[in-house]
Enquirer: 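One structure coming up, written as structure tokens, with questions to follow.
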2 protein chains.
Amino acid sequence: MKKLGIVGGVAWPSTLDYYRAICSLSVAQHQSACLPGPPSIPEMTIESLNINKSFSLRGGAIDDHESWSEYDAYFRQALVRLEAAGADVAIIASNTPHNRFDSIIEGITIPVISIFSAVADECNRLGIKKMLILGTAPTMNAPNFADLLSTRGIAASAPSRLENREAVVALISELYSNRIDGAAERIRNVVNQELPAAGTLRSVCLACTELPMAFPQLADKARIELADIQYINTTVIHARAAYESLVR
Amino acid sequence: MKKLGIVGGVAWPSTLDYYRAICSLSVAQHQSACLPGPPSIPEMTIESLNINKSFSLRGGAIDDHESWSEYDAYFRQALVRLEAAGADVAIIASNTPHNRFDSIIEGITIPVISIFSAVADECNRLGIKKMLILGTAPTMNAPNFADLLSTRGIAASAPSRLENREAVVALISELYSNRIDGAAERIRNVVNQELPAAGTLRSVCLACTELPMAFPQLADKARIELADIQYINTTVIHARAAYESLVR
């Protein structure tokens with residue numbers, strides 16, 4: 001089986017979720033095939049970065065490339081180490097760096113599976129036509145994710161109101177420290193203001209790999225419906241895409 | 001801060017516990033120092049091995065070095081990759097390979113913190129004089145851990161009865177797949193047969209990094225007392241020793 005490289009630590013609670021998801025898929029595969037011995041798990045190398053450092057290296061406007069050069073290099077160097085460790089394919093276990101994806105993967109020779117692409121594929125499978133994007137400041141402010149979704153027939157946008165974007169950013173900073181009390185309610189408040197209930201299913205993309213922690217029911221699930229809102233779990237969708245790339 | 005290398009995946013549930021323990025210690029340190037930004041976490045590289053492979057590479061008697069050469073090399077190569085990734089210090093997140101520790105670390109130039117030594121230090125701090133060792137077949141059959149503890153004034157031994165050692169091994173194989181139902185009771189049964197209650201505190205070393213999973217109350221704790229038995233959590237003790245080596 002191929003070896004997976006993971007750039008993790010940004011933040012660490014979602015790295016746990018990625019690793020658990022990939023190992024659990026492997027255990028299920030091993031058991032359904034009735035194979036002997038302890039469950040076979042793909043070899044992986046995880047480069048766990050310091051989010052305090054990556055946070056401090058964030059640049060300005062997402063197309064001000066110079067301002068992001070140190071940030072990009074911090075992630076690129078981790079990918080280079082994963083290549084050197086023998087990874088056949090890699091992922092960056094976080095949405096935010098995907099706003100700088102093209103620059104980060106410059107010169108990397110192994111495939112790097114994009115979370116934005118994996119989520120777009122899943123949204124197409126689910127037949128989603130309209131979606132609210134919640135994430136870190138770079139993910140909500142940059143057009144990258146919404147532009148990609150648009151090419152796939154999905155009208156997606158971040159919260160239009162500044163105070164709602166700020167509420168999401170504040171919530172994520174608490175999730176970095178693993179504090180989840182009241183998080184689901186705060187997300188619902190933002191959704192209700194940005195996508196008023198209209199009798200049909202509303203779709204919300206949790207486009208920061210920490211946000212799914214707000215919904216314990218969402219653990220290990222790609223999506224969940226709570227009343228008339230379906231939440232899309234980018235962490236699990238990305239982890240599954242990575243696992244499938246190993247066994248293909 | 002120094003960078004930590006972890007040889008993990010043997011098995012993966014305890015690798016989660018190590019990573020969570022080290023990150024949680026870092027969060028606590030960041031918060032108690034009232035530092036700004038997302039909590040600073042040490043950079044880490046985790047080489048997650050395939051336990052199905054390491055299991056199949058196990059040799060015969062622990063001093064039949066030739067029979068263990070492929071097993072030793074599998075772990076040694078992971079340590080070499082951690083060195084190349086820039087780790088300043090490393091751990092092997094599992095008790096079993098520590099029975100082959102001297103051979104595995106041959107030629108490795110960075111310090112590798114032994115779980116057996118870290119646990120011996122903690123047992124001395126706790127004033128333990130006698131202890132039952134529960135672990136995988138190599139850990140219970142080889143004299144390595146008990147010999148080390150003996151030099152530190154601790155009389156330790158694995159279960160004397162074959163059926164009790166077999167019960168522990170069977171239990172561990174279920175924990176590899178994350179199944180914990182009834183595990184605590186099965187461990188207590190072994191303890192009661194091997195260390196009959198005598199009105200004083202009985203000490204049991206959970207010397208396989210999966211065994212603490214049997215006691216959810218033990219999560220993130222170095223030890224726990226349940227009635228007249230104290231269980232020693234080798235996973236947490238080892239993770240703490242690793243963390244302390246980074247901040248020293």
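Chain identifiers are assigned alphabetically (A, B, ...) following the order of the sequence lines, protein sequences preceding nucleic acid strands; residue numbering begins at 1 within each chain. Scope of the values below: all heavy atoms of this structure, side chains included, with no hydrogens, waters or symmetry mates.
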Enquirer: Just give me the residue among B:Ile6, B:Leu49, B:Thr15, B:Ile172 that pairs up with chain A most often, heavy atom to heavy atom, under 4.5 Å.
Expert: B:Thr15
Enquirer: Using only non-hydrogen atoms and a strict under-4.5 angstrom cutoff, which residues of residues 20-46 of chain B touch chain A?
Expert: B:Arg20, B:Cys23, B:Ser24, B:Val27, B:His30, B:Gln31, B:Pro36, B:Gly37, B:Pro38, B:Pro39, B:Ser40, B:Ile41, B:Pro42, B:Glu43, B:Met44, B:Thr45, B:Ile46
Enquirer: Give a yes or no on this: more than 12 heavy atoms of other residues, nucleotides or ligands lie within 6.0 Å of atom CD of B:Glu163.
Expert: yes
Enquirer: Identify, with sequence neighbours excluded, every residue that meets side chain to side chain contact (heavy atoms under 4.5 Å, CB included) alongside A:Gln77.
Expert: A:Ala73, A:Arg81
Enquirer: Flag yes if more than 12 heavy atoms outside A:Glu70 fall under 6.0 Å of its CD atom; otherwise flag no.
Expert: no
Enquirer: So which part of B:Ala85 gets closer than 4.5 Å to some heavy atom of chain A, the side chain, the backbone, both or neither?
Expert: both
Enquirer: Looking only at heavy atoms, which two atoms of B:Ser48 and A:Tyr19 are closest? And how far apart?
Expert: OG-OH, 2.8 Å
Enquirer: State which residues pass salt bridge (charged side-chain N to carboxylate O under 4.0 Å, His left out) with B:Arg188; sequence neighbours excluded, sorted by chain then number.
Expert: B:Glu185
Enquirer: Please list, chain by chain and in numerical order, all residues satisfying ring pair (Phe, Tyr, Trp, His ring centres under 6.0 Å) with B:Phe215, sequence neighbours excluded.
Expert: B:Tyr231
